[in-house]
Engineer: 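Pasting in a structure now, in structure tokens, and then I'll have a few things to ask.
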2 protein chains.
Amino acid sequence: MMPRPGKGDPETDEAVYKAVLTAILEGRIEAGTKLAETPLAEVFGVSRERIRKVLHRLVAERRLEAIPNRGVRVPEPSLEDVRAVYQAHRVLEAGILHALAGRLDADLLQRLETHIGWEQRAAMERDRASSVRLSGEFHLLLADALGNAEISAFLRNLLTRSSIMVSVYESAADSICGVHEHAAIVEALASNNVDKAISLSAEHFRHIESRLRLKKPEVEKPDLASLFTPLRVPEP
Amino acid sequence: MMPRPGKGDPETDEAVYKAVLTAILEGRIEAGTKLAETPLAEVFGVSRERIRKVLHRLVAERRLEAIPNRGVRVPEPSLEDVRAVYQAHRVLEAGILHALAGRLDADLLQRLETHIGWEQRAAMERDRASSVRLSGEFHLLLADALGNAEISAFLRNLLTRSSIMVSVYESAADSICGVHEHAAIVEALASNNVDKAISLSAEHFRHIESRLRLKKPEVEKPDLASLFTPLRVPEP
DNA sequence: ATTAATATAAATGTGCACATTTGGCACGCC
DNA sequence: GGCGTGCCAAATGTGCACATTTATATTAAT
């Protein structure tokens, strides 16, 4: 017999978790918004304990911040936090590029250039969402080339953090101009000039950091239900 | 009125968490040991729900692994996992040393040399526990010099993971010989030779990796209560 | 009129009891 | 004798009810 969608599924936890997480990552929930347990339980049509578990997991992952007896809220990162994330990314990528010296094969080079082609296309079409996503994936491509799960996981963490931040600190200029810098890094790598690649990478991140500006908070306040991707609830 | 030690303290969660965590970190619990909820609740004298929360947190931090409906156990890292952790540390430290170029002040240099003095002393006294701890703190000193919370947190994570692993994969030779390599790195840094420092660091980690050997699992099986640091329980 | 204190209501935290799943064991069958 | 099936016990997972804490609103006093 088929398991009912809303009952004892082990998938339900994951579904709720992903729904809340993507809502946070895509900046759909304004920074500082309090996520109470009871309304969330009603929105998703599940018990409060399940919401509780998901929220605790997100807090443990630093995706939400908890104040004892006062619930959880989406963190409002300071400008220093944002700089720290980008600096960490810069330091890590320097190490990655250094480790990549010598083990750069034609296959990886091909994939990098293909990816940059996609970035250029998205930039030409003024597709800002794709540009941001592809820009992150470019750096992931470099990190995954090492085949080290620890490094990849850390970088993925940094990228999701920074993707939250661009929704708060929106740069006046779009991030499209970064495509040329990506290409320059790959070019330096192709010519086995690792030091130059590292310098270009550092400069690249400094450019991103310098573009960070404080965005005015919007006063719109949509209801909770519309924030999350529609999740089927069992019919009564 | 004073809060009772075993009741509604917010400290209790943290106390149990730290007790279990340090027991894992110090290798007091053999890899593969299953940590059931009910016995743990009896050992610590707290309710099962509290143990539950702590265990879930440790699972989220990858300190324990959970199998659905079958409880949690301390993970048994493979040799590949260990190598990945050390490689990640090597890559990260290359980036750290690169970023440290130019911003190396006399104060940091002084602290590094003092620390190496402690390491040498511990090595002379054959104090293996202190040697391992100090060796980790040396690399933390380098990372903290950047003042970046993200990097420091990641390195701390890597270090705790590797400290678990030395209890499983015990090197035949002790890690005392690494002190000279630490000193060489600092010396290269002091003379502003960053490339040499990075090379020495990479070589250092390769030495550590090459010393990893598979340790025979011990057959001793102590009871749960003696594994954790004594935690006061309220008198009836 | 403003402030402070109290009471009320709502939201979080906790423990308990029950449901569900899993692993072992015994019995029976091939 | 080996293997498959079914029952039983133990451990995990879940929902519910209650305790505790916090914020708000109302009232009274200065």
Side-chain angles (χ1 to χ4, degrees), chain A residues 1-17 20 29 32-60 63-75 221 223-225 227 231 233-234 236, chain B residues 1-17 20 29 32-60 63-75 221 223-225 227 231 233-234 236:
Chain A
M1 49 198 76
M2 292 180 54
R4 297 231 315 274
K7 273 295 290 294
D9 282 340
E11 313 172 16
T12 311
D13 288 67
E14 203 65 16
V16 175
Y17 168 77
V20 179
I29 313 177
T33 302
K34 176 180 174 182
L35 293 180
E37 299 174 356
T38 312
L40 280 180
E42 291 171 358
V43 166
F44 287 104
V46 299
S47 76
R48 192 168 70 93
E49 317 297 309
R50 200 157 299 213
I51 298 292
R52 196 154 232 281
K53 197 165 63 174
V54 171
L55 256 43
H56 282 158
R57 179 176 168 189
L58 288 167
V59 168
R63 297 269 155 56
L64 294 174
E65 64 180 359
I67 308 166
N69 294 318
R70 289 189 52 185
V72 301
R73 56 196 325 164
V74 316
K221 193 151 179 16
D223 62 328
L224 271 181
L227 288 178
L231 189 68
V233 287
Chain B
M1 50 196 75
M2 292 179 54
R4 298 230 315 273
K7 272 296 288 298
D9 281 340
E11 313 172 17
T12 311
D13 288 65
E14 202 66 15
V16 175
Y17 168 78
V20 179
I29 313 177
T33 303
K34 177 180 174 182
L35 292 180
E37 298 174 356
T38 311
L40 280 180
E42 291 172 358
V43 166
F44 287 104
V46 299
S47 78
R48 193 167 70 92
E49 317 298 309
R50 204 162 289 227
I51 298 292
R52 196 152 234 282
K53 197 165 61 174
V54 170
L55 256 42
H56 282 158
R57 179 176 168 190
L58 289 167
V59 168
R63 296 269 156 54
L64 293 174
E65 64 180 0
I67 307 166
N69 294 317
R70 289 190 51 187
V72 301
R73 57 196 327 166
V74 315
K221 192 151 177 16
D223 63 328
L224 271 181
L227 287 178
L231 190 67
V233 287

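All chains are named by letter (A, B, ...) in the order of the sequence lines, taking the proteins before the strands, and each is independently numbered beginning at 1. Computed from a predicted model, the values in this text were never measured in an experiment.
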Engineer: What is the distance, to the nearest angstrom, from the CZ atom on B:Arg73 to the P atom on D:dT12?
Structural biologist: 12 Å

Engineer: Is it the case that D:dG13 (base atoms only) and B:Arg48 (side chain only) share a donor and an acceptor within less than 3.5 Å, ignoring hydrogens and angles?
Structural biologist: yes

Engineer: By side-chain hydrogen bond (donor to acceptor under 3.5 Å, both in side chains), which residues pair with A:Arg48, not counting sequence neighbours?
Structural biologist: A:Glu37

Engineer: Rounded to the Å, how far apart are A:Glu37 CD and D:dC16 C1'?
Structural biologist: 14 Å

Engineer: Anything under 3.5 Å between a protein N or O and an N or O of nucleotides 22-24 of chain C, put it in a table, one pair a line.
Structural biologist:
from, atom 1, to, atom 2, distance (Å)
C:dG23, OP1, B:Arg70, NE, 2.6
C:dG23, OP1, B:Arg70, NH1, 2.7

Engineer: Of all the choices, C:dG15, D:dT12, D:dG15, which nucleotide is nearest to the side chain of B:Arg50 once you look at every atom?
Structural biologist: C:dG15

Engineer: Tell me every residue that passes salt bridge (charged side-chain N to carboxylate O under 4.0 Å, His left out) with B:Arg73, counting only those two or more places apart in sequence or in another chain.
Structural biologist: none

Engineer: Shortest non-hydrogen contact from A:Pro75 to A:Arg63?
Structural biologist: CD-O, 3.3 Å

Engineer: Restricting to side chain to side chain contact (heavy atoms under 4.5 Å, CB included), what partner residues turn up for B:Glu42, sequence neighbours left out?
Structural biologist: B:Thr38

Engineer: How close or far is atom P of C:dG15 from atom CZ of B:Arg52, stated in whole angstroms?
Structural biologist: 14 Å

Engineer: Could you work out, with side chain to side chain contact (heavy atoms under 4.5 Å, CB included) as the rule, every residue matching A:Ala60, not counting sequence neighbours?
Structural biologist: B:Ala60

Engineer: Considering every strand and a 4.0 Å limit on heavy-atom distances, what is the contact class for B:Glu49: base, sugar-phosphate, or nothing?
Structural biologist: base

Engineer: Using the test side chain to side chain contact (heavy atoms under 4.5 Å, CB included), find all partners of B:Val74 that sit at least two apart in sequence or belong to another chain.
Structural biologist: B:Ile29, B:Ala31, B:Leu35, B:Leu64

Engineer: Can you check whether A:Ser47 has a side-chain N or O nearer than 4.0 Å to OP1 or OP2 of D:dT14?
Structural biologist: no

Engineer: Counting only side-chain nitrogens and oxygens, does A:Lys53 get under 4.0 Å of the OP1 or OP2 atom of D:dT14?
Structural biologist: yes

Engineer: Can you measure A:Ile67 atom CD1 to C:dA11 atom P for me and round it to whole angstrom units?
Structural biologist: 16 Å

